[in-house]
Amino acid sequence: MRKNILLIGGSHGIGFEIALKLYNDHNVFIASRTSENLGNLEVTHIPYDASKDEIETSTLPERIDGFVYCPGSINLKSFETLTPDIFEEDMQINFMFLIKIIHTLLPKLKNSEQASLVFFSTVAVKIGMPFHTSIAAAKGAIEGFARALAAEYAPQFRVNVIAPSLTDTPLSKKLLGNHKKKELMDNRHPMKRVGQAEDVANIARFLLSDDSSWITGQVIGVDGGMSTLNVN
Ligand SMILES: NC(=O)c1ccc[n+]([C@@H]2O[C@H](COP(=O)([O-])OP(=O)(O)OC[C@H]3O[C@@H](n4cnc5c(N)ncnc54)[C@H](OP(=O)(O)O)[C@@H]3O)[C@@H](O)[C@H]2O)c1
C-alpha cells in the first residue's frame, strides 16, 4: 500500500536519507524550515518551523500512516557550563515541539489502519557520557514518552525510537570537522566507524514499513556497537 508519510525535518541529515528511501513507494511530506537541498525530489514540502509555527494541516492528507520527528540538538558541554536555559532549549526542540505536533496530528494518525511513529534518541541515554547531561535528559524524555504512548495507543499506533551514536550529518559536523577528530570518533566505536545517515535511515524505513508490524515500544540502538560492547 502507498502510505502517507510525514517527516518533520527531511531537508537534510538522517531525515533526507529517509525521504530518499521512501519517495518512490510512498507519498512523502517534508515539513522543515529549508527546502533547497530537496532539489527535484518528488516529495511535498511544507514550510514549517517547529519552534514558531502550527503546521498547516490543510496541506496534509486526511490520513497519516507514518510520522518521523527529526529536529534535535547536540550541546556537549560540562554541566557547569550548561545553563538551565540550554537545558530548556534542548528540551523544547527535542521533546516539547514533538509533543505539540503529535497533538495536532492525532486525528490524521487515527485515520490510519496502523500508524507508525518514529522518534530519535541518542546512545547517551543508555550509557552515561560526560558532557551529555542536557541532551541525555531531553532524549530520555522521548524514550519514556514513546513507551507510554505506544502502550496507550496499541494496537492502533506503533511507536518506536532509534538511538544512534555519532552519525555524519550537518548536526554533527562540529564533532567531525577534521580528519583527526573523525579518526578519533571512528575508533571509539566497536565497528571502527561513525554512522552514516543511511545506517540510521535503513532502520527508520523498516520501522515505517509493515515488515515491523509486531514491533512497538522499542528503543533500537543504531550505534556501531557503542551501547552494548566493550572491546577496548
Ligand atoms: N547526527 C548525530 O550524530 C546524531 C546522534 C544521535 C542522535 N541524533 C538525533 O537524530 C535526529 C536527526 O539528526 P540529524 O543528524 O539528521 O540532524 P540534522 O542534520 O540537524 O537534521 C535535522 C532536520 O530537522 C529539521 N529541523 C531542525 N530544526 C527544525 C525546526 N525548528 N523546525 C522544523 N524542522 C527543523 C532540519 O531542517 P531545516 O534546517 O530545513 O529546518 C533537518 O531536516 C535528531 O533528533 C538528533 O538529535 C543524531
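Atoms within a ligand are numbered from 1 in the order they appear, just like the ligands themselves. Numbers for residues simply follow the sequence, beginning at 1.
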Show the atoms of ligand 1 that are less than 4.0 angstrom away from any heavy atom in L166.
3 (O)
Parallel, tilted or perpendicular: which fits the ring planes of F67 and F119, with parallel below 30° and perpendicular above 60°?
perpendicular
Short N/O distance, under 3.5 Å, between Y69 and ligand 1?
no
Interatomic distance, CZ@R147 vs OG1@T216, rounded to 0.5 Å, equals 11.0 Å
Heteroatom proximity flag, I93 to ligand 1, N/O under 3.5 Å:
no
How far does CG of D90 sit from CD1 of I135, to the nearest 0.5 angstrom?
5.0 Å
Looking at K192, I'd like to know if its NZ atom is crowded, meaning that more than 12 non-hydrogen atoms belonging to other residues, nucleotides or ligands lie closer than 6.0 Å.
yes
Using a strict cut-off of 4.0 Å, indicate which atoms of ligand 1 neighbour a heavy atom of S172.
3 (O)
Sub-4.5 Å side-chain heavy-atom contact between Y153 and R158
no
Among T167, L176, D223, whose heavy atom sits nearest atom 2 (C) of ligand 1?
T167
Protein residue, atom and distance nearest to atom 31 (N) of ligand 1, heavy-atom basis
D49 OD1, 3.0 Å
Nearest protein heavy-atom contact for atom 47 (O) of ligand 1: which residue, which atom, what distance?
K139 NZ, 3.0 Å
G13 neighbourhood, listing ligand 1 atoms whose heavy-atom distance to it stays under 4.0 Å:
16 (O), 19 (O)
Is there any N or O on F120 that sits under 3.5 Å from an N or O of ligand 1?
no
Taking the side chain from K182 and the backbone from L176, do they hold a donor-acceptor pair closer than 3.5 Å?
no
Which residue supplies the protein heavy atom nearest to atom 16 (O) of ligand 1, what is that atom called, and how far is it?
I14 N, 2.7 Å
SB check R63 D65 (cutoff 4.0 Å):
yes
Top protein contact for atom 14 (P) of ligand 1, by heavy-atom distance:
T169 OG1, 3.7 Å
Option with minimal heavy-atom separation from atom 41 (O) of ligand 1, where the choices are H45, M185, E17, R33:
R33
Just to confirm my output: which protein heavy-atom neighbour is closest to atom 17 (O) of ligand 1, and how far is it?
L171 CB, 3.5 Å
List every atom of ligand 1 that sits less than 4.0 Å from any heavy atom of P170, numbering the atoms from 1 in the order shown and giving each element.
19 (O)
Could you list which atoms of ligand 1 come closer than 4.0 Å to a heavy atom of S11?
36 (C), 37 (O), 38 (P), 40 (O), 42 (C), 43 (O)
Determine whether the side chains of H12 and T169 contain a donor N or O and an acceptor N or O closer than 3.5 Å.
no
Please list the nearest protein heavy atom to atom 33 (C) of ligand 1 with its residue and the distance rounded to 0.1 Å.
Y48 O, 3.4 Å
Does the pair R193/D199 count as a salt bridge with the N-to-O cut at 4.0 Å?
yes
Considering G72, A204, G15, S121 one by one, which has a heavy atom nearer to atom 8 (N) of ligand 1 than any of the others?
S121
Salt bridge present between D210 and K3 (N-O < 4.0 angstrom):
yes
The closest protein heavy-atom partner of atom 12 (C) of ligand 1 is C70 O, 3.3 Å
What protein heavy atom sits nearest atom 32 (N) of ligand 1, and how far off is it?
A50 N, 2.8 Å
Value for CE (M185) from NZ (K180), rounded to nearest 0.5 Å, stands at 12.5 Å
From G9, A138, S35 - option closest to atom 25 (C) of ligand 1 by heavy atom
G9
Measure the shortest side-chain to side-chain distance between E198 and K21 over non-hydrogen atoms and say whether it is less than 4.5 angstrom.
yes
Could you tell me if any non-hydrogen atom of A197 lies under 4.0 Å from any atom of ligand 1?
no
Using only heavy-atom distances, determine whether the side chains of D85 and T83 contain a donor-acceptor pair under 3.5 Å.
no
